[in-house]
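Right, one structure below, let's go through it.
As the structure lists them, so they are numbered: ligands from 1, and atoms in each ligand from 1. The analysis underlying the following values was restricted to heavy atoms, covering all of them including side chains, and did not include hydrogens, waters or symmetry mates. All values derive from a computational prediction rather than experimental measurement.
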Amino acid sequence: MTKYIFVTGGVVSSLGKGISASSIGKLLQARGLSVAMLKCDPYINVDPGTMNPFQHGEVYVTEDGAETDLDLGHYERFLNKDMHHTNNFTAGKVYEAVIARERRGDFLGTTVQVIPHITDEIKSRYRSVSKGADVVLIEIGGTVGDIESLPFLEAARQMGLEAGKDNVLFIHVTLIPYIRASEELKTKPTQHSVGKLREIGINPDIIICRAEKPISNEMKAKLSLFCSVPKESVIEAPDVESIYEVPLIFHRQGLDEQIMMLLRLRTQQKDLDSWSAVVHRLKNPKNEVTVALAGKYTDYKDAYKSVNESLIHGGIANEAKIHIRFLDTTSPDIQSQLENVHGILVPGGFGDRGIEGKIKAAQLAREAKIPYFGLCLGLQIAIIEFARNVLKLSAAHSTEFDPKTRYPVIDLLPEQKNVKEMGASMRLGIYECALKKGSLAHKAYGQNAVNERHRHRYEVNNKFRKLLEDSGLMVTGIHAPKNLVEIVELRNHPWFLAVQFHPEFKSRPERPHPLFADFIAATVERAHGSQSPRKMPTHV
Ligand code: GLN
């Protein structure tokens, strides 16, 4: 029988519920259990694809092309396992499905209501990922007490009733704030938030406490008493240097032991060796490098979550500590911001803010032979820069930013020109890319073809391809069925590589993405000379 664990959040948002859920998943996986992950988002958007990353963080794309919540990125990275469209759903998706059935006449004669129709739909989605899973871990977005998350919590309560005590577990992630003036940690907000959960009919079994100071034994006893959970089920989640330490911190406090006991699970396996090795490498770097990230959202790091993590993974592969410097691409002065930078990365993006600054960054990388890594928009930027400054087509642009440009080096394919609905209509998910023998990409991957994830509308315009190639820009990866440019590189440059896809969605700490590992190797070389860095194996 599949067991269900619900992870809820209390007091405030951004507590790292996703990291907690991923860490629990990792611990259970290390015990030899098959774990399925599910994220529910209580907003009305059908998926986060149409949302601004500034509000909700990056949109994470799965192999099957679903645009999902960024927590799925944590699930993939921690569990080293692919997620799919079924692993994330929103209130919008639930309502869309129920309303479509109502229109079809499936509920003829009935009043369609939140309980039971919406909650039944939610429960069926909770169960939909259970095939082959010993444990399904369900993270409910939002904070307990929000109006939006109520149907999700009500459905979770019903699951508890239907499946029975030994089969459903409730874990509440909460904040224990530290009051600086009185130098005290406070349990009251957590008591209130647990009270809110109880009003809904859910008694948490385990409390995970985020706190910036260590929680004393007396405080744990107090939390245990007021929240009505055993003392061993009060788990501390301190601030950490790296999120990848969290599973080990939970394990040391016996969290997995507690879960196994409460769910009456028994296994022999216990293997966190590979994970511990990753954390050890991460905490004992031999080199340090600075990478400039030329994006748009300089103040909101979650917008580039997977890119940040992938750079860290590249660092793990090369035993290098990575400092990320967010460039202000709207500033006219890019050059001074690049002082002591060992690599430049231009990530994906939409909209024209900071475009000229990104083009300048690509130009400086090309001319000063600084390692350059372009991701999606970062490839389009590299092409525009090359067309303007090497081919001397000074008006070259993407039609996304200048629809009337004389030299549309980046353009829409005919099928994208007729798109009417913006939701889920980009080139999404995996496409095969054939690699050119002897190229940087081919050497890094060690394969002739790879599958990588996409999320974009615009493509390199093949009309300009010959011109670009004749002047030293090499196309080293193509999607052959449609003859689309997937990877470009520069001749006579130590490391200049740009991809039309998003390799950052496939990198994991235990399996750093080869292109990120290679890019970081090039930055280490720039920073520390040519001693060859020791790498760990990578593959996609
Ligand atoms: N805006 C560009 C496009 O739609 C790039 C998208 C991206 O970087 N993900 O093609």
Original post:
Charged N to carboxylate O below 4.0 Å: is that the case for Arg388 and Glu356?
Top reply: yes
Original post:
Got a sec: does the CD of Glu469 have more than 12 other heavy atoms crowding it under 6.0 Å?
Top reply: yes
**OP:** Might you confirm whether atom NZ of Lys466 has over 12 heavy atoms from other residues, nucleotides or ligands at distances under 6.0 Å?
**Re:**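 Open: at most 12 neighbouring heavy atoms sit under 6.0 Å from NZ of Lys466.
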**OP:** Taking the six-membered ring for Trp and the single ring otherwise, decide whether the centroids of Tyr372 and Phe519 are under 6.0 Å apart.
**Re:**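 Tyr372 vs Phe519: aromatic centres not under 6.0 Å.
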**OP:** Using atom types as modelled and distance alone, determine if a side-chain donor or acceptor of Arg210 lies under 3.5 Å from a backbone N or O of Leu15.
**Re:**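 Confirmed, Arg210 side chain pairs with Leu15 backbone.
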**OP:** Give a yes or no on whether the backbone of Ala320 and the side-chain of Asn318 come within a donor-acceptor separation of less than 3.5 Å.
**Re:** no
Subject >> Protein residues having a heavy atom less than 4.0 Å from any atom of ligand 1 >> reply: Gly348, Gly349, Phe350, Cys376, Leu377, Gln380, Glu400, Arg455, His456, Arg457, Tyr458, His502
